[in-house]
Amino acid sequence: MGKENQTYLTEFILLGLSSDHRTQIVLFMLFLIVYLLTVSGNLLIILLIYADSRLHTPMYFFLKNLSFTDLCFSTTIVPQMLFHFLVTRKVISFTGCSVQMFSFLIMGCTESSLLAVMSYDRYVAVCKPLHYTTIMTQRVCVLLVMGAWASGVFVSLVDTTFTLCLPYQGLSVINHYFCEPPALLKLASEETYKAEMVIFAMGVIILLGPVSLILFSYWNIISTVIQIQSGEGRLKVFSTCGSHFIVVVFFYGSTIFTYMQPNSKKMNQGDKVISVFYSVITPMLNPFIYSLRNKDVKEACRKLFRR
């Protein structure tokens with residue numbers, strides 16, 4: 001019976017962030033600004049790195065991939081959210097929901113791996129500067145990025161499969177603003193323990209694994225920087241690490257909270273707000289924190305607009 005209902009299920013209704021019309025208009029304007037900043041910031045980074053040969057280094061190669069991931073990450077969710085702010089019935093087809101969830105997970109998981117790769121790159125640059133060019137070769141960089149994308153596809157495939165294979169009966173109302181596994185699991189008409197455990201295991205791999213590598217890298221970076229004689233040099237590195245740590249807290253803190261806690265049958269407003277941090281805010285912040293404050297990027301930007 002559950003399988004039959006799942007077969008004929010054609011659409012979901014998304015409740016969104018608010019049911020109040022005025023609040024939705026305010027949110028539409030706010031998220032439109034955030035999305036435009038996300039798109040313009042990440043496209044600018046990609047363009048600058050492509051156009052300026054001085055930025056053809058491992059660090060900027062990873063930043064270019066991060067910007068592309070952020071661009072796709074945000075585009076998977078925000079345009080539909082903006083449209084739903086303006087309509088009364090917030091409907092998404094079963095196929096559309098599946099595609100959105102699969103794409104969102106690919107981008108999110110790939111970003112998680114990329115942030116870890118970038119921290120490793122900075123660890124080698126600061127702690128092993130004499131061996132940097134021999135360790136971070138072009139081949140190694142390409143393999144690391146391919147590994148990040150492969151991990152994203154793998155985790156997305158596993159999570160999406162276990163989520164969508166569950167039977168859904170009765171009301172197909174998702175108390176969320178987009179389709180992601182925790183929100184859909186709350187609608188399942190059968191026991192979700194197996195799917196929850198699989199998603200938890202994938203979370204350990206794609207979230208706790210990268211976080212451990214990031215913490216290891218920055219611990220070693222800070223230990224090395226403390227030994228630097230120049231106060232200005234120490235301040236510069238600590239400032240960069242502090243900015244990056246903000247991204248780590250926003251992205252990993254919110255995703256770990258969402259994907260690595262026991263599933264309850266209710267999703268409250270707080271859960272949805274937490275999702276905003278990793279699905280909307282982080283893709284906007286990354287270009288400004290990782291790139292646009294950088295001296296080389298600023299110079300490339302001035303050079304580009306002087307043409």
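Only this structure's heavy atoms are used, side chains among them; waters, hydrogens and symmetry mates stay out.
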Nearest atoms (heavy-atom pairs only) where [X] meets [Y]:
X: Pro287; Y: Pro283; result: CD-O, 3.3 Å
X: Thr224; Y: Cys127; result: OG1-SG, 3.2 Å
X: Thr160; Y: Ser98; result: CG2-O, 4.4 Å

Measuring only between side-chain heavy atoms, which start at C-beta, is [X] closer than 4.5 Å to [Y]?
X: Phe73; Y: Thr38; answer: no
X: Asn175; Y: Lys272; answer: yes
X: Leu285; Y: Phe251; answer: no
X: Leu105; Y: Pro181; answer: yes
X: Val297; Y: Tyr60; answer: yes
X: Leu114; Y: Phe68; answer: no
X: Ile45; Y: Lys64; answer: no
X: Cys179; Y: Ile174; answer: yes

Let me confirm one number: the [atom1]-[atom2] distance from [X] to [Y], rounded to the nearest 0.5 Å.
X: Phe61; Y: Asp121; atom1: CZ; atom2: CG; answer: 11.0 Å
X: Met197; Y: Ile199; atom1: CE; atom2: CD1; answer: 9.5 Å
X: His176; Y: Phe12; atom1: NE2; atom2: CZ; answer: 13.5 Å
X: Leu17; Y: Ser275; atom1: CG; atom2: OG; answer: 9.0 Å
X: Thr192; Y: Leu185; atom1: OG1; atom2: CG; answer: 5.5 Å
X: Ile49; Y: Ser67; atom1: CD1; atom2: OG; answer: 6.0 Å

Please assess Thr255 against Ser112 for the test side-chain contact (heavy atoms from CB on, under 4.5 Å), listing each intermediate value before the final yes or no. CA-CA 10 Å; Thr255 48; Ser112 178; over 6 Å; no
So, using ring pair (Phe, Tyr, Trp, His ring centres under 6.0 Å) as the criterion, who are the partners of Phe216 when residues are at least two apart?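 Phe216: ring pair (Phe, Tyr, Trp, His ring centres under 6.0 Å) contacts with Tyr123.
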Ring pair (Phe, Tyr, Trp, His ring centres under 6.0 Å) partners for Tyr252, two or more places apart: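 Here no residue qualifies.
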Do Tyr193 and Val198 share a hydrophobic cluster (ILVMFWY, side-chain heavy atoms under 4.5 Å, transitive)?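 No.
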Taking a hydrophobic cluster as the set of Ile, Leu, Val, Met, Phe, Trp and Tyr residues connected by side-chain heavy atoms closer than 4.5 Å, whether directly or through intermediates, do Phe154 and Phe200 fall within one such cluster?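 Looking at the clustering, Phe200 is in the same group as Phe154.
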Considering only residues two or more places apart or on different chains, which pairs with a residue in residues 84-93 satisfy side-chain hydrogen bond (donor to acceptor under 3.5 Å, both in side chains)?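 For residues 84-93, and leaving out neighbouring residues, the side-chain hydrogen bond (donor to acceptor under 3.5 Å, both in side chains) pairs sorted by first residue read Glu11-Arg89, Gln24-Lys90.
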Between Glu111 and Tyr278, is any side-chain donor less than 3.5 angstrom from a side-chain acceptor?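 No donor-acceptor contact under 3.5 Å links the two side chains.
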Thr69 versus Thr110, side-chain donor and acceptor atoms under 3.5 Å: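 No donor-acceptor contact under 3.5 Å links the two side chains.
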For a side-chain contact (heavy atoms from CB on, under 4.5 Å) check, start with the C-alpha distance between Ser279 and Tyr177, then their side-chain angles and the critical distance, and finish with the verdict. CA-CA 11 Å; Ser279 64; Tyr177 58 91; 2.8 Å; yes
Passing option when Val124 is tested against Thr134, Thr133, Ile135 for side-chain contact (heavy atoms from CB on, under 4.5 Å):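 Looking at Thr134, Thr133, Ile135, the match for Val124 under the side-chain contact (heavy atoms from CB on, under 4.5 Å) is Ile135.
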Could you tell me whether Arg54 and Asp52 have a side-chain N and a carboxylate O separated by less than 4.0 Å?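 Salt bridge flag = yes for Asp52 with Arg54.
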Just wondering, are more than 12 heavy atoms of other shown residues or ligands nearer than 6.0 Å to CZ in Phe28?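 Atom CZ in Phe28 is crowded, with more than 12 foreign heavy atoms closer than 6.0 Å.
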